[in-house]
Engineer: 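Dumping the structure here so I can ask a few things about it.
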2 protein chains.
Amino acid sequence: MGIAERKEREKEEMRELILRAASKIFMEDGFEKTSIRKIADAIEYSPATIYLYYRDKNELLHGLHVEAFQKMMQEFAQVVPISDPFARLVEMGHQYIKFGTHNPELYNLMFLMDAPMEAIACRNEIWDDGLRAFDALRVVVADCIKAGYFKETDVETISMTIWSYIHGLVTIYLKGRMKMFDDDRELERMQQSFSLFIKMLKAI
Amino acid sequence: MGIAERKEREKEEMRELILRAASKIFMEDGFEKTSIRKIADAIEYSPATIYLYYRDKNELLHGLHVEAFQKMMQEFAQVVPISDPFARLVEMGHQYIKFGTHNPELYNLMFLMDAPMEAIACRNEIWDDGLRAFDALRVVVADCIKAGYFKETDVETISMTIWSYIHGLVTIYLKGRMKMFDDDRELERMQQSFSLFIKMLKAI
DNA sequence: TTGTTTGGTAAACACTGTTTAGTACATTTG
DNA sequence: CAAATGTACTAAACAGTGTTTACCAAACAA
């Protein structure tokens with residue numbers, strides 16, 4: 001019975017076709033302009049067809065959210081060769097800031113928007129992508145402790161604190177809340193703050 | 001010519017009437033359900049009337065945003081009596097977390113949403129409310145330095161780092177990104193992380 | 001008492017996500 | 001092979017959204 005398999009394959013291809021079109025529009029025009037009708041137009045199908053492959057827009061956005069995490073984890077992989085765990089942690093921070101500032105729409109989707117989380121909640125699942133990313137941080141923090149960098153030993157709390165700081169920094173920047181400083185030294189300010197935070201980390 | 005003044009007063013009263021209705025709906029049903037038509041219904045005017053008093057929805061949301069900052073600054077005022085500057089800084093952090101977790105919709109409006117910032121940008125103004133709140137932090141940090149709490153002396157960078165951390169913490173919580181830890185210890189985790197951050201601050 | 005200004009609105013415009021009913025074609029069955 | 005079933009797809013509608021336009025009636029100024 002190759003037919004059932006072919007149909008399964010075709011279904012997956014259609015899901016992928018929709019996701020690719022959604023991704024293109026999302027990256028080019030941002031979230032606000034990514035409408036079901038626009039996606040349907042791009043793939044030359046009717047809007048209703050999309051609902052045969054994704055239960056709602058939340059699920060579709062969750063699909064993009066998954067891809068965004070893959071992309072971020074890919075960039076995190078660059079830090080693996082760094083042997084010193086603290087230097088690895090610092091570079092991970094740099095990569096995080098770089099990813100956020102270079103992919104504002106993706107960052108929004110991953111860490112701020114409700115839509116992908118609602119899709120997860122609806123399926124009674126856990127935020128697996130977030131957990132994996134956080135685990136990557138936990139591992140590096142644990143390595144730092146092993147290497148004697150921190151007196152503090154609560155990996156979870158240290159990781160949470162680091163993530164909070166860097167997420168806050170990126171979010172303030174992305175949401176235009178740094179424009180209150182009239183000068184155009186936003187990135188410089190971020191760099192200075194990050195340096196101070198690294199100093200603080202060294203002391204715990 | 002009392003008529004012009006009366007008209008001015010009536011205009012201001014109408015703006016206030018709209019804002020009160022908007023605020024009520026915003027607090028009760030959240031941002032997503034705060035539509036122009038719903039506000040119009042509440043005050044028993046047509047939707048078009050609202051546009052005679054606010055140029056668009058962004059301006060209306062900016063009005064709520066201003067009130068939200070007033071509310072937050074009011075709660076910050078509670079820490080003024082604390083004489084020790086570092087204890088005052090810590091309590092300010094507590095107040096910030098409390099305000100954010102107790103007023104998720106307001107916090108969103110103040111620090112995450114685009115709408116109020118677009119209203120500001122449209123009028124070629126600066127984010128005054130944010131600046132005033134940040135100044136409150138700067139003052140306390142400066143007091144800490146004066147009292148010899150920090151070796152570091154860059155008030156701006158220290159303040160930015162503190163704000164980034166605490167904003168990140170609150171945002172992770174509010175945007176449901178802490179649900180990845182399956183347990184129900186979200187607030188406890190926040191408290192633990194905050195304690196660690198205070199420890200880190202003491203060391204700079 | 002005219003003429004003008006002003007406050008307010010009904011209706012329309014151009015969108016949005018989503019559902020329903022129905023069609024045309026592919027597949028399975030007798 | 002023909003009839004019955006299943007499936008992929010869509011046009012149209014539903015119930016919203018922010019916003020603009022054309023118009024009306026009442027208040028004001030001359």
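Model, not experiment: these values are computed from the prediction. Order of the sequence lines fixes the chain letters, A, B, ..., with proteins taken first and strands second; residue numbering starts at 1 for each chain.
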Engineer: Between D:dT19 atom P and B:Tyr53 atom OH, what is the distance in whole Å?
Structural biologist: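 For the pair B:Tyr53 OH and D:dT19 P, the rounded distance is 18 Å.
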Engineer: Counting only side-chain nitrogens and oxygens, does A:Tyr45 get under 4.0 Å of the OP1 or OP2 atom of D:dC9?
Structural biologist: yes
Engineer: With respect to A:Pro85, which candidate in A:Ile145, A:Val141, A:Asp143 satisfies the side-chain contact (heavy atoms from CB on, under 4.5 Å) definition?
Structural biologist: A:Asp143
Engineer: Between B:Asn58 and A:Ser46, which has a closest nucleotide on DNA chain D that is more 5'?
Structural biologist: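 Between the two, 5'-proximity favours A:Ser46.
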Engineer: If you only use heavy atoms from C-beta on, which nucleotide in D:dT19, C:dT9, C:dT16 is closest to the side chain of A:Ser35?
Structural biologist: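 For A:Ser35, the side-chain atoms sit closest to C:dT16.
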Engineer: Does A:Ala48 or A:Lys38 map to a spot on DNA chain C nearer the 5' end, using the closest nucleotide for each?
Structural biologist: A:Lys38
Engineer: With a 4.0 Å cut-off, would you call B:Arg20 and B:Glu16 a salt bridge?
Structural biologist: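 Counted as a salt bridge, because a side-chain N and a carboxylate O are separated by less than 4.0 Å.
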Engineer: Would you mind reading off the distance between B:Lys57 atom NZ and D:dT20 atom P, rounded to a whole angstrom?
Structural biologist: 14 Å
Engineer: Round to the nearest Å and state the distance from B:Tyr51 atom OH to D:dT21 atom P.
Structural biologist: 13 Å
Engineer: A:Ile50 has an atom CD1; how far is it from atom P of D:dA11, in whole Å?
Structural biologist: 13 Å
Engineer: Of the nucleotides D:dT20, C:dT18, C:dT20, which one has an atom closest to the side chain of A:Ile36?
Structural biologist: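 Looking only at heavy atoms from C-beta outward on A:Ile36, the closest nucleotide is C:dT18.
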Engineer: Tell me, please, which residues at least two apart from B:Phe69 pass ring pair (Phe, Tyr, Trp, His ring centres under 6.0 Å).
Structural biologist: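 With sequence neighbours excluded, B:Phe69 shows a ring pair (Phe, Tyr, Trp, His ring centres under 6.0 Å) to B:His65, B:Phe111, B:Trp127, given in chain and number order.
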Engineer: Calculate the interatomic distance between A:Glu44 atom CD and D:dA8 atom C1'; express it in whole Å.
Structural biologist: 17 Å
Engineer: Taking only Lys NZ, Arg NE, NH1 and NH2, and the carboxylate oxygens of Asp or Glu, determine whether A:Arg132 and A:Asp128 approach each other closer than 4.0 Å.
Structural biologist: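 Between A:Asp128 and A:Arg132 there is a salt bridge, with a charged N closer than 4.0 Å to a carboxylate O.
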Engineer: Between B:Phe31 (CZ) and D:dG18 (C1'), how many Å, whole number?
Structural biologist: 11 Å
Engineer: Would you say the side chain of B:Arg37 and the base of D:dG16 hold a donor-acceptor pair, judged only by whether the two atoms sit under 3.5 Å apart?
Structural biologist: no
Engineer: Using a heavy-atom cut-off of 4.0 Å across all strands, would you classify A:Thr49 as base, sugar-phosphate, or nothing?
Structural biologist: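 Contact class for A:Thr49: base.
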Engineer: Ignoring the backbone of A:Leu52, work out which of D:dG18, D:dC9, C:dG17 is nearest its side chain.
Structural biologist: D:dC9
Engineer: Can you tell me how far C1' of D:dT17 sits from CG of B:Asp41, to the nearest Å?
Structural biologist: 14 Å
Engineer: What is the separation between atom OH on B:Tyr54 and atom P on C:dG8, rounded to the nearest whole Å?
Structural biologist: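 Checked: the OH to P distance equals 14 Å.
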Engineer: Please say which of A:Tyr96, A:Phe99, A:Phe31 ends up in a ring pair (Phe, Tyr, Trp, His ring centres under 6.0 Å) with A:Tyr107.
Structural biologist: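 It is A:Tyr96; the other options fail the test.
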